[in-house]
Amino acid sequence: IFVVGVVTILLSTTFLGLLCARMLLGVGVGVLAVTVPLYLSEVVPASVRGRSVSSFQIFLTLGILIAYIADYCFTASGNWHGMFLIILIPTVCLFVGMLYAPETPRWLLSKNKSTLGSNVLSKIEGAGGVDAQMKEIQASLDRTSVGWSSLFQKQLIFPLSVALVIAVCNQLTGVNVILQYAPTFFAAANIKLQSMSMIATMGIGVIQFIFTLLAMAFID
């Protein structure tokens with residue numbers, strides 16, 4: 001999705017083409033935002049699960065900071081094509097890394113591939129405790145192997161509501177608007193030089209990255 005989005009941006013000559021390309025990139029980010037934390041939660045030990053899943057947020061904020069720095073480097077030349085072309089570097093790294101990532105034990109057990117699931121667990125947890133983990137995962141699958149209607153069971157209404165409210169409130173803070181349009185905001189605040197607007201924007205990236213590191217100390 002990212003590759004198609006970047007190529008579409010580079011080839012687009014109209015606003016509609018750029019808009020469609022940006023939507024593709026947005027879909028790619030949305031898919032990653034769901035699948036990566038889910039994958040991590042299924043392959044790391046429970047004792048460090050919170051910290052491990054939070055590592056996704058750390059790399060996300062680090063990526064945003066690096067993107068701001070890259071954009072600053074391209075500001076003087078005005079080469080916006082280069083700004084988007086550089087996205088292909090982490091995209092290729094992610095693709096290559098995915099080729100070596102094993103399926104999660106939970107997914108393997110759900111497909112009746114218990115031997116492969118046991119092998120993956122032994123690499124994650126070590127030889128000891130694999131059988132207990134396998135039984136725990138299987139019990140969890142037995143409890144959750146039901147339809148969508150189970151989401152609306154009485155005992156799940158409260159945690160489901162909390163999850164939805166957190167997700168909605170997270171978006172309503174407007175943080176994504178700030179991250180996407182920070183240079184425009186700074187320009188409107190009488191920071192006339194484009195390079196200075198980008199430096200101020202990098203400051204936002206630095207603050208976000210630092211406070212994500214602080215959050216990791218408390219998450220588990």
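Small disclaimer: the values here were computed from a predicted structure and weren't measured.
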Each residue besides [X] in its hydrophobic cluster should be listed here, by chain and number; the cluster joins Ile, Leu, Val, Met, Phe, Trp and Tyr at side-chain heavy-atom distances under 4.5 Å.
X: Leu156; answer: none
X: Ile157; answer: none
X: Phe95; answer: Val92, Val96, Leu99, Tyr100

Transitively linked via ILVMFWY side-chain contacts under 4.5 Å: [X] with [Y]?
X: Met23; Y: Leu25; result: no
X: Leu24; Y: Leu85; result: no
X: Ile87; Y: Leu19; result: no
X: Leu88; Y: Leu94; result: yes
X: Val27; Y: Leu18; result: no

Show which side-chain atoms of residues 201-214 pair as donor or acceptor with protein atoms under 3.5 Å away, not counting sequence neighbours.
from: Thr201; atom 1: OG1; to: Ser197; atom 2: O; distance (Å): 2.8
from: Thr212; atom 1: OG1; to: Gln208; atom 2: O; distance (Å): 2.7

Mind checking side-chain contact (heavy atoms from CB on, under 4.5 Å) for Lys113 and listing every partner two or more places apart, or none if nothing turns up?
Trp107, Leu108, Lys111, Leu116
Quiz: residues 1-16 side-chain donor-acceptor pairs under 3.5 angstrom, not counting sequence neighbours:
from: Thr8; atom 1: OG1; to: Val4; atom 2: O; distance (Å): 2.6
from: Ser12; atom 1: OG; to: Thr8; atom 2: O; distance (Å): 2.4
from: Ser12; atom 1: OG; to: Gly17; atom 2: O; distance (Å): 3.4
from: Thr14; atom 1: OG1; to: Gly17; atom 2: N; distance (Å): 3.2

If I compare all heavy atoms of Thr75 with all of Met83, which pair ends up nearest, and what's the gap?
N-CE, 4.3 Å
Quick one: closest heavy-atom pair of Leu109 and Gly117, and the distance?
CD1-CA, 4.1 Å
Measuring from atom [atom1] of [X] to atom [atom2] of [Y], what distance do you get when rounded to the nearest 0.5 angstrom?
X: Asp71; Y: Ile64; atom1: CG; atom2: CD1; answer: 11.5 Å
X: Met198; Y: Cys73; atom1: CE; atom2: SG; answer: 9.5 Å
X: Ile166; Y: Ser161; atom1: CD1; atom2: OG; answer: 11.0 Å

Side chain to side chain donor-acceptor pair (under 3.5 Å) partners of Asn176, counting only residues at least two apart
Gln171
Using 30° and 60° as the class boundaries, would you call the ring planes of Phe84 and Trp80 parallel, tilted or perpendicular?
perpendicular
Output yes when a side-chain donor or acceptor of Tyr68 lies under 3.5 Å from a complementary backbone atom of Ile199, and no otherwise.
no
Under 3.5 Å, sequence neighbours excluded: what are the donor-acceptor pairs made by side chains of residues 32-46?
from: Thr35; atom 1: OG1; to: Val31; atom 2: O; distance (Å): 2.8
from: Tyr39; atom 1: OH; to: Pro102; atom 2: O; distance (Å): 2.5
from: Ser41; atom 1: OG; to: Pro37; atom 2: O; distance (Å): 3.4
from: Ser41; atom 1: OG; to: Leu38; atom 2: O; distance (Å): 2.7
from: Glu42; atom 1: OE1; to: Thr104; atom 2: OG1; distance (Å): 2.6

Looking at Phe59, I'd like to know if its CZ atom is crowded, meaning that more than 12 non-hydrogen atoms belonging to other residues, nucleotides or ligands lie closer than 6.0 Å.
no
